[in-house]
Amino acid sequence: MTTRVSRTALAARVASDIPEGAVVNLGIGAPTLVADYLPEGLEIVLHTENGMLGMGPAPAEGSVDPDLINAGKQPVTALAGAAYFHHADSFAMMRGGHLDVCVLGAFQVSASGDLANWSTGEPGAIPAVGGAMDLAIGAKDVYVMTDLLTKQGAPKLVETCTYPLTGVGCVSRVYTDHGVFDVTPDGFRVRELFGDNTHAEIEELLGLTLIERGA
Amino acid sequence: MTTRVSRTALAARVASDIPEGAVVNLGIGAPTLVADYLPEGLEIVLHTENGMLGMGPAPAEGSVDPDLINAGKQPVTALAGAAYFHHADSFAMMRGGHLDVCVLGAFQVSASGDLANWSTGEPGAIPAVGGAMDLAIGAKDVYVMTDLLTKQGAPKLVETCTYPLTGVGCVSRVYTDHGVFDVTPDGFRVRELFGDNTHAEIEELLGLTLIERGA
Amino acid sequence: MIDKTVPDVAAAVADIADGSTVMIGGFGRAGQPVELIDALIAHGARDLTVVNNNAGNGDTGLAALLKAGQVRKMICSFPRQSDSWVFDGLYRDGKIELELVPQGNLAERIRAAGAGIGGFFTPTGFGTQLAEGKETRRIDGRDYVLEYPIHADVALISARRADRWGNLVYRETARNFGPIMAAAAKTTVVQVDEIVPLGDLDPEAVITPGLYVDRVVAVGERRWLHDGVFVGGVDIEGRPLARNGADA
Amino acid sequence: MIDKTVPDVAAAVADIADGSTVMIGGFGRAGQPVELIDALIAHGARDLTVVNNNAGNGDTGLAALLKAGQVRKMICSFPRQSDSWVFDGLYRDGKIELELVPQGNLAERIRAAGAGIGGFFTPTGFGTQLAEGKETRRIDGRDYVLEYPIHADVALISARRADRWGNLVYRETARNFGPIMAAAAKTTVVQVDEIVPLGDLDPEAVITPGLYVDRVVAVGERRWLHDGVFVGGVDIEGRPLARNGADA
């Protein structure tokens with residue numbers, strides 16, 4: 001049985017890699033949790049693509065401001081040092097490479113860094129992309145935060161994505177419940193394995209050859 | 001001898017065609033004079049492409065503000081209702097067709113509305129274009145304000161420009177010291193002749209066939 | 001005197017023609033010009049193409065416009081939300097068309113329309129289904145897709161304050177698509193909390209200069225503000241909170 | 001703590017390498033970062049490509065940088081002014097290259113660099129000498145020229161106020177190229193009148209968000225201001241006026 005860390009532990013693990021001063025966009029869903037684990041006392045600037053830098057935590061009850069929301073349409077607050085801007089300026093920031101880190105969820109990540117996270121390609125589903133494709137190319141480093149396997153046990157780190165792509169060759173690192181993997185020109189390289197997980201075990205779970213840690 | 005109006009009279013003539021509420025850019029040189037003849041009491045919004053709408057007249061002596069200049073780098077003032085913006089936004093306004101009128105000078109205007117006003121093509125001259133090409137396409141109506149003839153007597157309204165072009169098919173009307181001409185799909189049409197000037201006289205001065213006024 | 005104020009929302013939307021392309025501001029509910037949308041429903045223009053980031057929430061605002069059967073096509077980035085049941089039903093019944101655009105390309109295409117740009121190469125969407133059939137190009141080692149502007153006949157947006165020249169300031173993230181839609185439409189109609197005297201808006205802080213605006217209509221301050229100060233007391237949808245001991 | 005302030009202009013420009021492309025803000029003298037340019041002259045980096053709307057006025061600022069022989073190439077829209085004698089001389093002597101760009105295309109190309117756009121179709125310049133050899137295309141009945149972004153290694157700009165995160169506000173038409181150059185350069189260095197505590201700048205009125213800024217240096221209030229209020233008393237070049245009866 002392999003070691004799996006909880007979603008919150010994984011959020012904390014991602015958070016620990018974000019340096020002071022970084023400008024970071026946390027995608028909708030699990031990545032949003034990362035905000036709760038950013039080191040106290042360090043200044044990290046959160047971007048929300050609906051038009052704000054310097055996003056703060058959720059407001060106190062009774063102080064919800066419908067004009068002040070994040071990309072998930074949840075109420076947030078503004079820190080000292082915040083700035084507002086319109087949508088074209090906001091996505092220009094991402095597209096222009098001015099964010100340091102985006103953290104995103106994924107259905108699949110390929111060994112060449114392709115990301116699939118916007119559509120399962122299920123017939124009859126209403127397609128919706130939002131900012132997914134912009135976020136995928138929207139930072140110097142694009143981190144994916146995901147389980148290693150689907151609930152059905154299928155690998156989410158794959159040789160080639162079978163789901164519709166969100167972006168090509170855009171992912172730099174994948175944080176999973178089993179370990180952390182860098183995307184290199186030669187494929188996935190193990191960065192860290194949680195608990196007693198071994199290189200061979202993870203390769204077997206994925207059916208993929210992984211580059212040894214530190215290699 | 002034909003009738004010629006003075007430059008200031010011509011500026012007043014241009015000004016009389018600008019309706020209340022128009023957003024107007026007055027080019028460097030003679031067009032700047034138009035500002036002095038805009039009807040009192042009418043609100044006309046002046047744009048200066050270095051980043052302002054709602055430009056007012058020159059400041060009082062002693063109140064010159066080096067941060068507040070027009071495109072000719074002269075000191076100006078801001079009216080109530082003014083707004084500042086950066087250069088990309090300013091030229092987006094022009095390029096996007098949001099100005100009602102630009103008034104420009106010219107070396108030559110062709111019968112199809114081509115404008116030449118940025119370079120005489122003289123060898124050895126240091127080329128400089130500034131906003132000329134943006135202004136040429138920068139308004140719903142581009143008015144040219146110029147003498148009918150050069151100092152040497154050569155026509156400035158021509159079949160085809162011989163000077164380097166600023167813009168293609170961009171001029172809608174030409175205000176000259178002899179009269180006013182609209183650019184139509186079939187060439188110049190006389191809109192107004194000053195004093196006793198006759199259609200035939202102007203045609204002869206220009207060596208061009210002009211469409212009759214009102215035709 | 002330039003005076004772009006109109007007395008009420010009905011007058012503000014009265015000339016919107018059947019078949020128009022209408023940009024509607026807002027991201028979710030923030031910045032959505034609900035009163036103008038209601039006026040458009042009352043006005044009854046049909047066969048509309050609507051541009052918005054989403055495709056309506058709940059049963060009000062844009063969702064109500066869809067429900068009224070006035071919209072032929074949506075151009076948006078994210079039509080599928082937990083409370084987008086009106087759009088969902090219409091789409092599944094084949095009663096509405098959808099053009100899906102990545103959010104940043106949507107914003108940039110709207111910006112391009114206002115800025116007189118004929119087309120632009122964007123990296124977003126390259127190699128994906130949403131770029132299928134589109135022209136691509138490698139420039140300086142990066143792959144791009146050619147995208148074209150989205151123009152509109154009308155923009156309906158909301159802002160915090162206007163003056164009679166149509167200069168606008170917004171509030172917080174309700175700014176979102178307002179400034180770029182105002183520039184991309186032939187006619188821009190704005191609902192604001194209040195119209196202030198000319199000269200009251202700081203020219204350094206005007207976000208949308210008046211030349212982009214055709215009509216402004218004051219609809220009163222929103223519930224969570226009082227004299228321009230945030231007072232809270234609402235939920236995220238702007239509904240008053242039940243107070244302890246009060247008969248809410 | 002994020003603190004982008006640096007103690008002096010020398011420290012602010014110390015790492016500018018020979019051969020860099022340097023964007024310099026300002027339109028004529030308004031917004032020209034004179035103290036940073038002086039520091040760059042003292043620093044001595046050579047073989048620079050400079051992007052500015054003009055090519056220097058008089059003998060100070062950008063003109064002095066040109067005179068010092070540090071600039072290999074100018075990218076600008078309007079190098080020929082009544083007081084651009086330094087550039088004129090270098091150009092006629094074949095000592096400097098010139099890339100002439102229509103002003104709006106210059107601004108849009110700088111904007112494109114910051115916005116991650118690979119190229120764009122602009123109507124400006126179509127059919128003119130300045131579009132010769134460039135790709136053109138007719139889109140929806142209008143003719144366009146394809147233009148590419150202008151990236152820079154460094155931007156030197158000036159603003160009115162900054163906070164330690166690098167958020168900026170400008171003053172009047174001195175804003176000009178500052179916001180787009182800040183976004184287009186790998187490293188952006190800003191001189192400001194004053195650095196204010198974090199939180200003092202209104203987030204609705206921040207023009208350049210801090211993520212575009214790497215270093216800010218306070219150079220003191222300009223002569224025509226006192227505690228942020230315009231007091232005049234200078235000519236258009238910022239030189240004190242001779243006072244009546246005073247020994248100026």
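Note on naming: letters A, B, ... go to the chains in the order of the sequence lines (proteins, then strands), and numbering restarts at 1 for each one. Computation of the quantities below employed the complete heavy-atom set of this structure, encompassing side-chain atoms and omitting hydrogens, waters and symmetry-equivalent molecules.
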Checklist entry - What pair of heavy atoms forms the shortest contact from D:T21 to D:H151, and how long is it? => result CG2-O, 3.6 Å
Item to check | Side chains of D:S158 and D:Y170, donor plus acceptor under 3.5 Å | outcome: no
Checklist entry - Where do C:E172 and D:E204 come nearest, in terms of heavy atoms and distance? => result N-OE2, 2.7 Å
Item to check | C:R171 portion near chain D, given a 4.5 angstrom heavy-atom threshold | outcome: both
Next on the checklist: At under 4.5 Å between heavy atoms, what parts of residues 99-130 of chain D are in contact with chain C? List them by residue number.
Outcome noted: D:E108, D:R111, D:G116, D:I117, D:G118, D:G119, D:F120, D:F121, D:P123
Checklist entry - If every non-hydrogen atom of D:L62 is compared with every non-hydrogen atom of D:I37, which pair is closest and at what distance? => result N-CD1, 3.7 Å
Checklist entry - Does a donor on one side chain sit under 3.5 Å from an acceptor on the other, for C:S77 and C:N53? => result yes
Checklist entry - Can a salt bridge be assigned to the pair C:R161 and C:E221 using a cut-off of 4.0 Å between side-chain N and carboxylate O? => result no
Checklist entry - Relative to chain D, which segment of C:Y148 carries a heavy atom at a distance below 4.5 Å: side chain, backbone, both, or neither? => result side chain
Checklist entry - Is a salt bridge present between C:D193 and C:R222, judged by a nitrogen-to-oxygen distance below 4.0 Å? => result yes
